[in-house]
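Predicted model only: the values in this text are computed from it and were never measured. Chain letters run A, B, ... following the sequence lines, proteins first, then strands; residues in each count from 1.
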Amino acid sequence: MSFNCRFAPSPTGPLHIGGVRTALFNWLLARKNKGKYFLRIEDTDKERSKDEFKKQIISSLSWLGIEHDGEEYIQSKNISKHVSIAEELIKKGFAYECYCSEEEIHEQKEKCKKQGIPYVYNRKWREAKDLEIPKGVKPVIRFKSKISGNTIIKDLVQGERNISNSTIEDFVILRKDKSPTYQLSATVDDHEMNITHVIRGDDHMINSFKQKQIYDAMGWNVPNFAHIPLIHSEQGKKLSKRDNASKIDDYIKIGIISDAFRNYLLRLGWAHKDKEIFTKQESIDLFDLNGVGKSPSKLDMSRIYSINETYIKTIDEKDLFNFFKEYVSKYKKPIDKSKEAVLLKSMSFLKNKAKTLEDIWNNAQYIINDKIEIDSADKKLINDLSKKIIQDFIKEYEKLETLSKETLEPVIKSLINKHKTNFKAVGQPLRIALVGSKFGPALYDIILSLDKPKVVNRLSIFK
RNA sequence: GGUCCCAUCGUCUAACGGUUAGGACAGAUGGUUUUCAAUCAUCUAAUCGGGGUUCGAUUCCCCGUGGGACCGCCA
């Protein structure tokens with residue numbers, strides 16, 4: 001059995017987290033089964049489709065490492081094919097021209113609303129031999145949906161789904177301007193692309209019933225469907241593009257690592273025993289549709305941070321540095337070449353206090369900037385004794401020929417003894433002077449990550 | 001309102017008729033620590049309610065309740 005999957009977003013807005021997870025699941029299923037994964041841009045809504053969104057979608061997916069096979073497929077390029085299928089459906093008696101004006105439909109809807117009954121298109125033109133075709137009204141083409149019986153879909157996630165055909169209206173497949181609608185285009189393209197597995201959000205369930213009728217009418221093989229539960233906002237509603245932090249860019253911007261994000265998405269609605277952390281390869285090997293739950297899941301920011309933190313702590317420091325470099329050059333300020341070596345070396349401790357790449361950036365400010373700003377409240381913590389200690393430290397520090405934790409430690413200890421005090425009284429003023437805040441990395445790490453002249457310079461201010 | 005669906009700690013989830021209902025995040029407490037973190041240890045916390053079926057139900061069935069999705073000439 002072949003596995004051809006696809007992700008088919010419409011470029012009418014930035015890619016959001018639900019879409020990415022759909023893409024991920026499709027990609028995973030294809031890769032696991034040695035099948036193909038395609039990307040199809042559904043740009044048949046000319047008004048709202050934008051090239052910038054298309055670019056953003058492609059770049060977000062590639063950031064996540066979800067690489068599609070072949071070129072991306074642009075749906076609008078296949079419109080003439082969609083139209084020809086609509087014509088074929090008319091010929092076969094599965095579709096018909098409907099001359100109801102938009103006003104007429106609108107009126108019907110209002111009427112239903114007032115009476116409190118559900119609106120279903122009244123199929124007025126379905127068998128319209130006696131009706132007079134109104135002048136000046138361009139028809140839409142509607143699919144002749146089944147009136148009786150039931151349609152069953154064996155959904156790979158939801159199980160068997162059954163719906164009474166009478167509840168499916170005669171949906172439009174060609175607009176009055178002869179352009180195909182989603183139901184038609186998606187079905188024709190899925191067929192043409194030989195898609196075998198359609199994984200999409202649960203909000204598409206009803207569409208699958210409609211589309212199955214098109215497949216049947218054309219005598220095409222119906223693909224397998226898998227409707228995955230939606231991701232809900234923290235308010236428990238379907239995530240929309242307007243929700244905060246629903247866009248992938250928002251996560252990239254705060255310094256989430258793509259592997260961590262992929263891992264988070266994987267575990268949202270899917271589980272494999274108690275396992276929490278999955279490498280890319282593990283996720284391909286272990287993913288299956290059986291593990292996908294049926295109920296919607298809520299977005300949990302603290303979990304995203306937590307997984308990201310785990311990745312920051314455990315991945316190779318060189319890789320971490322590269323992610324960091326890439327991140328800051330895009331969202332902060334490119335790193336000066338002269339600082340690269342020391343930053344790479346310092347990753348070992350800068351990462352200790354970081355949940356995101358942005359945190360590392362903040363922690364590294366005292367290295368990245370030649371001049372530091374000292375927090376005014378912390379500056380007050382430096383009293384006369386502190387100044388004496390700082391001056392004493394400079395003298396001893398300048399004498400040191402090799403700099404290491406082993407050589408610095410005795411210096412600090414002797415200062416504690418000399419001034420009959422504790423570590424805090426020595427360490428805190430030094431940290432404030434060198435970093436600009438009483439919060440910062442461990443003292444020896446700070447000193448060793450700065451040039452000798454710079455240490456002396458920053459300390460000399462306090463006399 | 002109509003149609004369809006879902007229901008285990010606050011959150012993500014495990015347990016596919018038999019477990020003291022497990023793990024992770026968050027929260028709490030304590031140890032360690034040179035600040036903040038980190039780390040380690042410990043703790044708190046769930047099967048929506050009611051009926052069945054069964055020797056036994058988180059698990060199967062029904063009814064309630066709660067929540068969600070869809071109801072476009074958007075995709």
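- Evaluation of the salt bridge (Lys or Arg N to Asp or Glu O under 4.0 Å) rule for A:Asp392 yields A:Lys395, A:Lys418 as partners, not counting sequence neighbours.
- The interatomic distance linking A:Ile168 (CD1) with B:U3 (C1') rounds to 10 Å, in whole Å.
- Annotation: side chain to side chain contact (heavy atoms under 4.5 Å, CB included) contacts of A:Val172 (sequence neighbours excluded): A:Val140, A:Arg142, A:Thr181.
- Across the strands present, B:C16 finds no partner; the criterion is a Watson-Crick or G-U wobble pair with both atom distances under 3.5 angstrom.
- As judged by a 4.0 angstrom heavy-atom cut-off over every strand, A:Ala271 is placed among residues touching the sugar-phosphate backbone only.
- Across all strands shown, A:Asn290 has no heavy atoms under 4.0 Å from either base or sugar-phosphate atoms.
- In terms of phosphate contacts, A:Ser297 brings a side-chain nitrogen or oxygen within less than 4.0 Å of OP1 or OP2 of B:U13.
- Here the closest non-hydrogen pair linking A:Leu174 and A:Pro180 is CD1-CA, 3.6 Å.
- A straight line from CG of A:Asp300 to P of B:U11 spans 10 Å, rounded to a whole angstrom.
- Looking at residues two or more places apart in sequence or on another chain, you find no ring-ring contact (aromatic ring centres under 6.0 Å, His included) involving A:His232.
- In this structure, A:Ile163 atom CD1 and B:C71 atom C1' are separated by 10 Å, rounded to whole Å.
- In this structure, A:Lys210 NZ and A:Glu169 CD are separated by 5.5 Å, a value rounded to the nearest 0.5 Å.
- Counting any heavy atom pair closer than 4.0 Å across all strands shown, A:Phe171 reaches no nucleic acid atom.
- Taking only side-chain atoms of A:Ser10, from C-beta outward, the nucleotide of B:A26, B:G68, B:A75 with the closest atom is B:A75.
- You can call A:His204 stacked on the base of B:A75; the centres are under 5.5 Å apart and the planes sit within 30°.
- Residues A:Glu317 and A:Ser348 bring no donor and acceptor atom of their side chains to less than 3.5 Å of each other.
- The existence of a salt bridge linking A:Lys212 and A:Asp216 is confirmed by a sub-4.0 Å separation between a basic side-chain nitrogen and an acidic carboxylate oxygen.
- The nucleotide whose nearest atom lies closest to any side-chain atom of A:Arg267 is, among B:C74, B:C73, B:G23, B:G23.
- For A:Lys238 and B:C70, the shortest distance from a side-chain N or O to OP1 or OP2 is below 4.0 Å.
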Q: Any chance you could list the contact pattern along nucleotides 16-21 of chain B? Use B for base contacts, S for sugar-phosphate-only contacts and - for none, protein heavy atoms under 4.0 Å, 5' to 3'.
A: ------
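- The base-pairing partner of B:C4, taking Watson-Crick or G-U wobble contacts with both distances under 3.5 Å, is B:G68.
- Residues from residues 409-433 of chain A that place a heavy atom under 4.0 Å from any atom of RNA chain B, listed by number: A:Phe423, A:Arg431.
- A:Pro134 pairs by the side chain to side chain contact (heavy atoms under 4.5 Å, CB included) definition with A:Tyr99, A:Trp125, A:Val137, not counting sequence neighbours.
- Nucleic acid contact for A:Leu443: base, since at least one base atom lies under 4.0 Å from a heavy atom of the residue.
- Note on residues 286-298 of chain A: pairs passing side chain to side chain donor-acceptor pair (under 3.5 Å), not counting sequence neighbours, are A:Trp270-A:Asp288.
- Between A:Phe7 and A:Phe25, the ring centre distance reaches or exceeds 6.0 Å.
- In this structure, CD1 of A:Ile173 is placed 13 Å from P of B:A75, rounded to the nearest angstrom.
- Using a 4.0 Å heavy-atom criterion, one finds that A:Ser164 contacts no nucleic acid atom at all.
- Base contact: A:Val140 has a heavy atom under 4.0 Å from a base atom.
- RNA chain B lies under 4.0 Å from at least one heavy atom of each of the following residues of residues 174-187 of chain A: A:Arg175, A:Lys176, A:Thr181, A:Tyr182, A:Gln183.
- As the counterpart of B:U58, no nucleotide is assigned, since no Watson-Crick or G-U wobble pattern has both distances under 3.5 Å.
- Of the candidate nucleotides B:A38, B:C70, B:U11, B:C70 has the atom nearest to the side chain of A:Ile206.
- Taking only distance into account, the side chain of A:Arg303 meets the base of B:A24 through a donor-acceptor pair shorter than 3.5 Å.
- Salt bridge status for A:Arg6 with A:Glu42: absent, with no side-chain N to carboxylate O gap under 4.0 Å.
- Side chains of A:His197 and A:Asn26: a donor-acceptor N/O pair is absent below 3.5 angstrom, by distance only.
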What N/O pairs connect the protein and nucleotides 5-7 of chain B at under 3.5 Å? Give each pair on its own line.
| residue | atom | partner | partner atom | Å |
| --- | --- | --- | --- | --- |
| B:C5 | O3' | A:Arg161 | NH2 | 2.5 |
| B:C6 | OP1 | A:Arg161 | NH2 | 3.3 |
| B:C6 | OP1 | A:Lys294 | NZ | 3.4 |

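- For A:Arg126, the side chain to side chain contact (heavy atoms under 4.5 Å, CB included) partners two or more places apart in sequence, or in a different chain, are A:Tyr96, A:Arg123, A:Lys144, A:Ile147, A:Asp170.
- Across all strands shown, B:U39 forms a Watson-Crick or G-U wobble pair, both distances under 3.5 Å, with B:G31.
- Residue-level contact check: A:Lys275 touches neither bases nor backbone, having no heavy atom under 4.0 Å from any strand.
- Within the nucleic acid shown, A:Gly269 comes within 4.0 Å of sugar-phosphate atoms alone, with no base atom in reach, counting heavy atoms only.
- Atoms CG (A:Asn352) and C1' (B:A38) sit 6 Å apart, rounded to a whole Å.
- For A:Asn207 against B:A75, a side-chain N or O and a base N or O form a donor-acceptor pair under 3.5 Å.
- Across all strands shown, B:A75 has no partner, as no Watson-Crick or G-U wobble contact with both distances under 3.5 Å is found.
- B:C74 atom C1' lies 12 Å from atom NZ of A:Lys210, rounded to whole Å.
- Going from atom CD1 of A:Ile389 over to atom P of B:U34 covers 16 Å, rounded to whole Å.
- When rounded to the nearest whole Å, the span between NZ of A:Lys50 and C1' of B:A75 equals 15 Å.
- Expressed to the nearest 0.5 Å, how far CD1 of A:Ile372 lies from OH of A:Tyr366 amounts to 10.5 Å.
- For the residue pair A:Glu358/A:Thr356, the side-chain donor-acceptor check at 3.5 Å is not satisfied.
- In this structure, A:Pro9 reaches neither bases nor backbone, as no heavy-atom distance under 4.0 Å exists between it and the strands shown.
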Which donor-acceptor pairs under 3.5 Å do the side chains of residues 424-445 of chain A make with protein atoms, sequence neighbours left out?
| residue | atom | partner | partner atom | Å |
| --- | --- | --- | --- | --- |
| A:Arg431 | NE | A:Pro441 | O | 3.1 |
| A:Ser437 | OG | A:Phe439 | N | 2.9 |
| A:Ser437 | OG | A:Phe439 | O | 3.3 |

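- Applying the ring-ring contact (aromatic ring centres under 6.0 Å, His included) definition to pairs two or more places apart or across chains, none involves residues 288-311 of chain A.
- At a threshold of 4.0 angstrom between heavy atoms, the contacts of A:Cys98 with the nucleic acid are absent.
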